[in-house]
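The chain is numbered in sequence order, starting from 1.
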Amino acid sequence: MNSAFLYAATRTPFGKFNGALADIRPDDLAATAISGVLAQTPSLDPAAIDEVVWGNANGAGEENRNVGRMAALLAGLPTSVPGTTVNRLCGSSLDAAMAGSRTIETGDADVVLVGGVESMTRAPWVLPKPSRAFPVGDVTAVSTTLGWRLVNPRMPKEWTVSLGECNEQLQERFGISRERQDEFAVRSHRLAHQAWEDGFYDALVTPVADLGRDEGIRADSNTEKLAGLKPAFRPDGTITAGNSSPLSDGGSAVLLGSESAAAAIGRDPLARILGRGAMALDPREFGYAPVEAANRALARAGVTWDQVGAVELNEAFAVQSLACVDAWLKDGLRDPGIVNQRGGAIAIGHPLGASGGRILGTLAAVLKERRERYGVAAICIGVGQGLAVVLENLEVSK
């Protein structure tokens, strides 16, 4: 088997819902991410890209009809470059990277461009099509921005509760206090703001229109302000808008290749993909699914938690992030401080289809910055799933 390597990564700034990116179509956001990652590898002939694999969660609006192919065409790639779109909800672009890396490992491709996009602002309302013409009565338009919609009545109702209610149940299971969640959220904003001030994201982000930085980061966030927010899902709950990831718009792109592709790409790879893991649980427990997904990825990589120097965990909610970190500490994670050292989705944002590519690219950059050898990128996924990828920093492995 060949090895698959990460050569370059970028993302757009992540915009607020109805914010600076609201007027930009998701296929254009995706094309911007593709152009951005190719700008990092100017020696690469785009015709040498064997496949585009793209992630998207909604797929009901302007990104319909295979946004991976559409974005490749909009970015000016030759029409000979094929493209496909995958949907594993929040894990879509990490799933795209996993699929692309397998394609390289089997020898079916040398260069694969992966990534993902979501405009949660522009996600449309949809109407169910009636089974017969001219039904009597009203029809309700359903928002496709987030969560369950047009639910099959055969699905158990306890599975189809809101994402927030699922995480309130997780909070009850593990006893994770509102105070811990708020402290975690403040940390996310503080670290993300500092990362931008340090210039960490300058090389990782491709500006869009007038937006050069992530729009949702609140440098002045503190636990006193968050404590004043009302619970969002239960009157006596612990989850608020302040300790959850916001609705966001954005795209991400990652260039993968074989070892022999280095000459065509014109640069040495940054990291090797060592292991992949997927996990599925009861749909209500989706926030906890990254725990075993990461454990499986590490086992396949032949790496133990005490060897891991950086973790990028997508912060869908503070409570599920803390539950995962607590579990990994029991499994041998050496320090919770290595998780999301440059901020996370609570501050940066979570445009569903783009987040997997964001955490993978950020992980490679953090490993390089910290001179750590092994890292884990993990993400929870609605309807009870989780994904994880293990990277090896090649600069340290030599």
>> Under the rule for salt bridge (Lys or Arg N to Asp or Glu O under 4.0 Å), what residues qualify as partners of Glu292, not counting sequence neighbours?
In response: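 Per chain and number, Glu292 pairs via salt bridge (Lys or Arg N to Asp or Glu O under 4.0 Å) with Arg296.
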> What pairs with Gln169 under side-chain contact (heavy atoms from CB on, under 4.5 Å), at least two apart in sequence or on another chain?
Replying inline: Val161, Glu165, Arg234, Arg284
> Who else is in the cluster with Phe200 when I, L, V, M, F, W and Y are joined by side-chain contacts under 4.5 Å?
Replying inline: Phe14, Trp196, Tyr201, Leu204, Val205, Ile217, Ile348, Val366
> Which hydrophobic side chains are connected to Leu127, either touching it within the sub-4.5 Å cutoff or through other members that do?
Replying inline: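 Members alongside Leu127: Val139.
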>> Quick one: does any side-chain atom of Trp148 pair with a main-chain N or O of Ser162 as donor and acceptor, under 3.5 Å?
In response: no
>> Set out, in order, the CA-CA distance, both residues' side-chain angles and the distance that settles side-chain contact (heavy atoms from CB on, under 4.5 Å) for Leu394 and Asp268, then state yes or no.
In response: CA-CA 9 Å; Leu394 299 178; Asp268 293 330; over 6 Å; no
>> For Ser101 and Arg276, which I'm curious about, is there any donor-acceptor pair between the side chains at under 3.5 Å?
In response: yes
Heavy-atom distance under 4.5 Å between the side chains of [X] and [Y], does that happen here?
{"X": "Glu315", "Y": "Ser188", "answer": "yes"}
{"X": "Val186", "Y": "Leu226", "answer": "yes"}
{"X": "Val383", "Y": "Trp159", "answer": "no"}
{"X": "Pro78", "Y": "Pro46", "answer": "yes"}
{"X": "Leu163", "Y": "Phe286", "answer": "yes"}
{"X": "Leu352", "Y": "Met120", "answer": "yes"}
{"X": "Glu369", "Y": "Arg342", "answer": "yes"}

Looking at residues at least two apart in the chain, or sitting in another chain, which of them share a side chain to side chain donor-acceptor pair (under 3.5 Å) with [X]?
{"X": "Glu224", "value": "none"}
{"X": "Thr103", "value": "none"}
{"X": "Ser221", "value": "none"}

> Can you tell which of Asp45, Leu255, Leu256 makes a side-chain contact (heavy atoms from CB on, under 4.5 Å) with Ile265?
Replying inline: Leu255
>> Asn243 and side chain to side chain donor-acceptor pair (under 3.5 Å): which single residue from Asp182, Thr238, Asn167 fits?
In response: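 Considering Asp182, Thr238, Asn167, a side chain to side chain donor-acceptor pair (under 3.5 Å) with Asn243 is found only for Asp182.
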Can you run down the salt bridge (charged side-chain N to carboxylate O under 4.0 Å, His left out) pairs that involve [range], sequence neighbours left out, and say none if there aren't any?
{"range": "residues 205-218", "value": "Arg11-Asp214, Glu197-Arg213"}
{"range": "residues 235-251", "value": "none"}
{"range": "residues 324-338", "value": "Arg180-Asp326, Arg334-Glu372"}
{"range": "residues 64-92", "value": "Arg88-Asp95"}

> Run the side-chain contact (heavy atoms from CB on, under 4.5 Å) check on Leu113 and Val81 step by step: do they pass?
Replying inline: CA-CA 10 Å; Leu113 179 59; Val81 177; over 6 Å; no
Would you list the atom pairs, donor with acceptor, under 3.5 Å between side chains in residues 17-24 and any protein atom, with sequence neighbours excluded?
none

> Step by step, would you call Trp54 with Asn66 a side chain to side chain donor-acceptor pair (under 3.5 Å)?
Replying inline: CA-CA 9 Å; Trp54 210 253; Asn66 189 1; over 6 Å; no
